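To keep things clear, I will list the structure first and then write my remarks on it.
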Amino acid sequence: MRRALAIPALFLLAGAAAAEEVDLELALLADATGSIDMDEIMFQRRGYAEAITSPEVLSAIGSGLLGRIAVTYVEWADAGSQQVVAGWTTIGTAEEAEAFAARLMAEPRLAFGRNAIGAALLFGKRTIEENEYEGLRRVIDLSADSANNWSGPGIEEARDEVVAAGITINGLAVLCRICSGRPVDYDLEQAFAERIVGGPGAFVVTADGDRAFAEAVRRKLILEIAGRSPETELAAR
């Protein structure tokens, strides 16, 4: 009887030991709601693909204690539509970053519907908790062009659950791509700061226009990988 009980315990120990250690577990949650057309879906993916393969981001990864991160890219829309575009993978080399970027650009659009940010945040929490990595830090990065929530769990309750699990939420507020104005009648960055982001060092980065989007994504990834915020970045200058 004792031997029978010991076998599952050994399996549990083996499973725990199998988790790969990384500096950061990063879940990228990209807006794929009705306000985002197919061109913008690919525009967003291209911005992340270019950022993750940039020398600056690769240098930030290499400067970590372990020199590698785990990342996934998920597109979200309504409460029942969170679709993995590129599953969890380790990035520690330029070749691994290029392979991840290629996967981003190869998939068709997968998510549809109206905003359900609360459901997206909880999906991000689950995918972090259920992956095969053990990160020194765990971060959800949510991009959106509004702070609306039409179905599923409320944003604040989802945020609080994620933060209570030891996961930081950062935000990328996507303003009007083509024009120079704002696509909503409220302050999107303020809404992100008050309702969505949370946890130690949480921050919001703003993207306004095509060129600014790519630059914002690159800067955001560098900050997240290095474990800094825009405020600490400024203080270090």
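Because the structure is a prediction, the values reported are computed rather than measured.
Rounded to the nearest 0.5 Å, atoms CG (Leu28) and CD (Glu75) are 11.0 Å apart. Atom-to-atom distance recorded for Leu26:CG and Tyr133:OH is 12.5 Å, nearest 0.5 angstrom. Between the CZ atom of Arg46 and the CE atom of Met105 there is a distance of 4.5 Å, given to the nearest 0.5 Å. Interatomic distance, CD1 of Ile140 versus CZ of Arg159, reported as 13.0 Å (0.5 Å rounding). Residue Tyr73 holds its OH atom at 11.5 Å from CD1 of Ile52, rounded to the nearest 0.5 Å. The line from OG1 of Thr127 to CG of Leu122 is 12.5 Å long, rounded to the nearest 0.5 Å.
Across every non-hydrogen atom of Leu142 and Ala144, the tightest pair is CD2-CB, 4.1 Å. Contact detail for Ala116 and Ala79: the closest heavy-atom pair is CB-N, 3.3 Å. For Leu188 against Ala147, the heavy-atom pair with the smallest separation is CD1-N, 3.8 Å. Across every non-hydrogen atom of Ala32 and Ile41, the tightest pair is CB-CD1, 3.5 Å.
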Walk me through it: do Phe192 and Thr206 pass the test side chain to side chain contact (heavy atoms under 4.5 Å, CB included)? CA-CA 10 Å; Phe192 262 67; Thr206 303; over 6 Å; no

Output a table of donor-acceptor pairs, distance under 3.5 Å, between side-chain atoms of residues 161-175 and any protein atom two or more places apart or on a different chain; print 'none' if there are none.
unit_1, atom_1, unit_2, atom_2, d
Thr168, OG1, Pro200, O, 3.4
Asn170, OD1, Phe203, N, 3.1
Asn170, ND2, Glu224, OE2, 3.2

If you look only at distance, which donor and acceptor atoms sit under 3.5 Å apart when one is on a side chain in residues 54-61 and the other is two or more places apart or in another chain?
unit_1, atom_1, unit_2, atom_2, d
Ser54, OG, Ala51, O, 2.8
Ser54, OG, Val57, N, 3.2

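In terms of modelled atom types and a separation under 3.5 Å, the side chain of Arg68 and the main chain of Glu21 share a donor-acceptor contact. No donor-acceptor pair under 3.5 Å is formed between the side chain of Asp160 and the backbone N or O of Glu157. Side-chain atoms of Arg137 come within 3.5 Å of backbone atoms of Ile225 as a donor-acceptor pair (strictly under, hydrogens ignored). Although no hydrogens or angles enter the test, the distance criterion places a donor-acceptor pair under 3.5 Å between the side chain of Asn149 and the main chain of Pro153. A side-chain donor-acceptor contact under 3.5 Å links Asp23 to the backbone of Gly67. The backbone N or O of Ala70 lies less than 3.5 Å from no partner atom in the side chain of Thr90, so there is not a single donor-acceptor pair. Although no hydrogens or angles enter the test, the distance criterion places no donor-acceptor pair under 3.5 Å between the side chain of Trp88 and the main chain of Glu25. Of the possible polar contacts, one joining the Gln44 side chain to the Asp31 backbone as a donor-acceptor pair under 3.5 Å is found.
In this structure the side chain of Thr53 never reaches within 4.5 angstrom of the side chain of Phe100, judged on heavy atoms.
Around CD of Glu132, the count of heavy atoms belonging to other residues, nucleotides or ligands within 6.0 Å does not exceed 12. Taking a 6.0 Å sphere around CD of Glu134, one finds it holds 12 or fewer heavy atoms contributed by other residues, nucleotides or ligands.
Salt bridge annotation for Glu215-Arg219: absent, with no cationic side-chain nitrogen under 4.0 angstrom from a carboxylate oxygen.
Sorted pairs that involve residues 90-117 and meet salt bridge (charged side-chain N to carboxylate O under 4.0 Å, His left out), not counting sequence neighbours, are lacking altogether.
By the criterion of side-chain heavy atoms lying less than 4.5 angstrom apart, applied directly or through intervening Ile, Leu, Val, Met, Phe, Trp or Tyr residues, Leu66 is not grouped with Ile222; the two fall into different hydrophobic clusters.
Using the six-membered ring where Trp is involved, Tyr48 and Phe213 have ring planes that are perpendicular, over 60° apart on the 30 and 60° scheme.
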